[in-house]
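Residue numbering restarts at 1 for every chain, and letters A, B, ... go by the order of the sequence lines.
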Amino acid sequence: MPIARQRRLHRSFFARDAIELARDLIGKTIVRRLEDGTVRRARIVETEAYIGEHDLACHAAKGRTNRTEVMFGEGGHAYVYFIYGMHWMLNIVASKPGNAQAVLIRAAEPLDGWDVNLTGPGRLAKGFSFTKADNGLDLTGPSTYLIDNGSPPPRIVKSKRIGVEYAKHWKHRLLRFHAAGSKAVSKR
DNA sequence: GCGTCGATGGCA
DNA sequence: GCCATCGACGCG
């Protein structure tokens, strides 16, 4: 058995359409170094694509505001927002500057024996301690980044995005992706 | 195991 | 007023 090569994901990986990025992020590993030096890692198993100002489920449909500003910027940065008065959501900005797309990270499987529930976007952000302070964070930087561990990509299942009933015809689009067979996929 | 409901604050 | 959610609760 050859040893799988660990490859860091660079800017070009993120500077693509959110649909492609959302698919390709399944099976990739998030790595986050905490202030005390601890490293936490998890394998992404569920994502959703939000594909621009025309997508009524995408926050960028409201135009360029203080909240959505980072989505209009360079791919590979974190778009972190607060919702329901208590939850933070981690998104990864996709595409090129001016094209406001992002991928919501909905669930992951903790690695290295880390005992935490990362099933659902609120729990995932909480587990990794993503907050307002991380909005705009470069995810190709030293503290938080993604890697491809070289393992074969999982079979991917497509479905409708969760919680976007308000988005007119956009609610029907199959823009949610998850790894087939993972027990860590959010329940709904 | 399921459906329903309340929490709680930023946002347009 | 709504929301890219979660956990608690009641059911029988």
Any base atoms under 4.0 Å from M86(A), or only sugar-phosphate, or nothing? Heavy atoms, all strands. base
Watson-Crick/G-U partner (both atom distances under 3.5 Å) of dT8(B): none
Is N66(A) touching bases, backbone alone, or none of the nucleic acid, heavy atoms closer than 4.0 Å? nothing
Taking 5.5 Å and 30° as the limits, would you call Y50(A) and the base of dA4(C) a stacked pair? yes
Can you say whether a donor on the side chain of Y81(A) sits under 3.5 Å from an acceptor on the base of dA4(C), or the other way round? yes
Using every non-hydrogen atom in the two residues, find where E109(A) and A184(A) come nearest and quote the distance to one decimal. CG-CB, 3.6 Å
Just checking, R8(A) and F13(A): is the charged tip under 6.0 Å from the six-membered ring centre and within 45° of the axis? no
Once you apply a heavy-atom cut-off of 4.0 Å, does S186(A) come out as touching a base, just sugar-phosphate, or nothing? nothing
Which heavy atom in V93(A) sits nearest to a heavy atom in G73(A), and how many Å separate them? CG1-O, 3.8 Å
Pairing check on dA4(C): which nucleotide meets the Watson-Crick or G-U wobble criteria with it, both distances under 3.5 Å? none
Kindly point out which of dA12(B), dT5(C), dG9(B) is positioned nearest to the side chain of F82(A)? dG9(B)
M89(A) CE to dC6(C) C1', straight-line distance once rounded to whole Å: 9 Å
Using the ring of Y50(A) (Phe, Tyr or Trp, six-membered ring only), decide whether R161(A) places NZ or CZ under 6.0 Å from its centre and within 45 degrees of its axis. yes
